[in-house]
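Some notes on the structure that comes next.
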Amino acid sequence: MYLAKVIGTVVSTTKNPSLIGMKLLVISKLNENLKPEGSTAVVVDTVGAGNGEIVIVSCGSSARLACDKQHSVLDAAIVGIVDSVELA
């Protein structure tokens, strides 16, 4: 899992049937200081996240389980919206 910031949405009228009805968002990965770092990705939203929010992203089979779509083509999903982050 990693932290990311929602930076946009994706609208796709033609897609794999296992993604029908799922909200797709564009996220930017964040470093430990909550600054953008690395690449962007398209993920499935399972929690109703919005633009500008910091979120928790899960990848691989864990993402499919979070969506209850074990046989889907999805590889990453937002599984939480972050309220605060405290580093020691």
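Everything numeric in this text was worked out from a predicted model, so none of it was measured.
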Item to complete: Would you check if Ile54 and Leu30 make a side-chain contact, meaning some heavy-atom pair closer than 4.5 Å?
Response: yes
Worksheet item: Any chain of hydrophobic side-chain contacts (each under 4.5 Å) joining Ile78 to Leu3?
Response: no
Worksheet, complete the sentence: Distance col, row Asn31:CG vs Tyr2:OH, nearest 0.5 angstrom, shows 14.0 Å
Worksheet item: Considering only heavy atoms from C-beta outward, does the side chain of Leu24 approach that of Val44 to under 4.5 Å?
Response: yes
Show me, pair by pair, the donor-acceptor contacts under 3.5 angstrom made by side chains of residues 32-41, not counting sequence neighbours?
none

Discussion item. Tell me the closest heavy-atom pair linking Ala49 and Val6, and the distance in Å.
Written reply: CB-CG2, 4.3 Å
Item to complete: Quick one: pull up CD1 in Ile7 and CG in Asn51 and give me the separation to the nearest 0.5 Å.
Response: 8.5 Å
Fill in: Residue pairs, two or more places apart or on separate chains, that pass side chain to side chain donor-acceptor pair (under 3.5 Å) and touch residues 72-88
Ser18-Ser72
Response to the item:
Between Ala77 and Thr46 the two heavy atoms that sit nearest each other are CB-CG2, 4.1 Å
Worksheet entry | salt bridge (charged side-chain N to carboxylate O under 4.0 Å, His left out) partners of residues 8-27, not counting sequence neighbours, each pair once | Lys23-Asp45
Discussion item. I want to check something: taking the side chain as every heavy atom from C-beta on, are Val26 and Thr9 in contact at a cut-off of under 4.5 Å?
Written reply: no
Practice prompt. Quick one: list whatever passes salt bridge (Lys or Arg N to Asp or Glu O under 4.0 Å) with Lys29, sequence neighbours left out.
Written response: none
Side chains of residues 55-66: which donor-acceptor partners sit under 3.5 Å, not counting sequence neighbours?
{"unit_1": "Arg64", "atom_1": "NH1", "unit_2": "Leu74", "atom_2": "O", "d": "3.0"}

